[in-house]
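Notes follow the structure.
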Amino acid sequence: ETGVTQTPRHLVMGMTNKKSLKCEQHLGHNAMYWYKQSAKKPLELMFVYNFKEQTENNSVPSRFSPECPNSSHLFLHLHTLQPEDSALYLCASSQDRRVRTQYFGPGTRLTVL
Amino acid sequence: GQQVMQIPQYQHVQEGEDFTTYCNSSTTLSNIQWYKQRPGGHPVFLIQLVKSGEVKKQKRLTFQFGEAKKNSSLHITATQTTDVGTYFCAGDFGNEKLTFGTGTRLTIIP
C-alpha cells in the first residue's frame, strides 16, 4: 500500500521547534486531508484541500499551518506546539470532495516534549 | 451536530466466535463507509453502503445499512487472529464531509 506516503514516520520535537510533515499521494486524486488521531478521541478532521484550495478548517489552532502546492502534495507546518498535540497525524486523499472514500497514509507519530 | 455513534468501544472475543459492531446516526445518511485499522497501522477502506437496507458480504464480513439509512452494522463470523484491529464507520451526511465513529477495538483470545 504505497498510494499515500508520509514523512517522517516518527517525530519528537520540543515546544519551541518548527517542523513540517509531508504527504504525497500517487493515486491521481484531487482532494487531500489532514486528520489527528489521539488515544482518547475519534479521528478528527483538521483540514481539507480540493484542487489545491483549502475548503475546510475545523477550528484548528494556528500553530498548525497547512500547505498544498499541488494536488499530489500536502504539508503540515508545526510551530510552538503543546504536549497535548502529541498524536498520530494521518494524511488521506480521495478522488475529489464528492467521491470521499479515504485512502490513508501510514501517519506520522508526533511527540511534543 | 452531525455525529455517528459507534458501539461497543471494545470487544474481546474467543477465536472462532462472532463479532458485531454497530453505528448509529441521529439523521439520515447519504452513505456509510467502513474502515479497519490494524494495531500500529492506518485506517484502510473496507466498503461503502449506499442503498436503504443494503447488505454486502466480504468473505466472513457482513455489512448492513438500515432501512432508514440511520444505522449500520459490521458482523464478522468465526473470528480469526487476523481480524484484530479497530473498526471504524464513517457517515456521509451529503455535506461533503465524512464523520468517523469512535471505533470498536477488537481483540481475539486465541
Side-chain angles (χ1 to χ4, degrees), chain A residues 1-10 21 23-25 27 29-51 53-60 87-110, chain B residues 1-10 21-26 29-50 54 56 58 63 65 69 72 74 82 85-107:
Chain A
E1 296 179 14
T2 58
V4 181
T5 58
Q6 288 186 246
T7 56
R9 296 293 305 277
H10 302 271
L21 310 184
C23 175
E24 184 174 0
Q25 59 94 3
L27 300 169
H29 288 168
N30 295 306
M32 296 189 76
Y33 309 77
W34 279 117
Y35 288 88
K36 176 183 178 183
Q37 187 176 41
S38 49
K40 300 181 180 179
K41 294 183 179 181
L43 274 167
E44 299 175 70
L45 179 64
M46 301 174 71
F47 301 104
V48 181
Y49 278 82
N50 194 48
F51 291 94
E53 299 297 320
Q54 187 180 126
T55 57
E56 194 157 342
N57 175 341
N58 280 337
S59 303
V60 180
L88 179 68
Y89 288 85
L90 291 160
C91 172
S93 70
S94 71
Q95 183 174 323
D96 53 45
R97 286 201 67 199
R98 290 192 304 119
V99 182
R100 281 181 292 287
T101 299
Q102 306 279 287
Y103 293 81
F104 286 88
T108 295
R109 175 67 63 184
L110 174 67
Chain B
Q2 292 170 328
Q3 292 185 330
V4 175
M5 307 302 295
Q6 190 172 355
I7 56 169
Q9 189 174 358
Y10 302 96
T21 174
Y22 301 90
C23 274
N24 291 287
S25 167
S26 58
L29 296 165
S30 176
N31 65 73
I32 193 161
Q33 301 178 12
W34 285 91
Y35 293 79
K36 176 184 178 181
Q37 185 173 18
R38 294 179 184 274
H42 57 277
V44 174
F45 173 75
L46 294 177
I47 208 160
Q48 177 174 284
L49 304 172
V50 180
E54 189 170 14
K56 288 187 176 181
Q58 291 180 349
F63 303 84
F65 202 9
K69 300 182 71 172
S72 182
L74 158 58
T82 53
T86 301
Y87 292 85
F88 294 95
C89 61
D92 184 342
F93 292 92
N95 57 357
E96 300 189 343
K97 185 169 88 171
L98 277 181
T99 300
F100 280 83
T102 49
T104 296
R105 182 178 296 180
L106 172 64
T107 56

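Below, all heavy atoms of this structure are taken into account, side chains as well, without hydrogens, waters or symmetry copies. A note on names: the letters A, B, ... follow the listed sequences, proteins ahead of strands, and every chain is numbered from 1.
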Measure distances from B:Gln6 to the heavy atoms of chain A and classify the residue's part below 4.5 Å as side chain, backbone, both or neither. neither
For B:Pro43 versus A:Leu90, what's the shortest heavy-atom pair and its separation? CD-CD1, 3.8 Å
Does a side-chain heavy-atom distance below 4.5 Å link B:Gln37 with A:Leu43? no
With chain B, the option among A:Gly105, A:Ala92, A:Ala31 that has the most non-hydrogen atom pairs under 4.5 Å is A:Gly105
To the nearest 0.5 Å, how far apart are OH in A:Tyr35 and CZ in B:Phe100? 4.5 Å
Quick one about A:Gln102 and B:Gln33 (side-chain donor to acceptor, distance below 3.5 Å, no hydrogens or angles considered), yes or no? no
Please look at A:Tyr103 and chain B and tell me whether the side chain, the backbone, both or neither of the residue comes under 4.5 angstrom of a heavy atom of that chain. neither
Does B:Phe45 CZ have over 12 foreign heavy atoms under 6.0 Å away? yes
Residue A:Gln37 versus chain B: region with a heavy atom under 4.5 Å: side chain
If I take atom CG from residue B:Leu46 and atom OG1 from residue A:Thr101, how far apart are they, to the nearest 0.5 angstrom? 11.0 Å
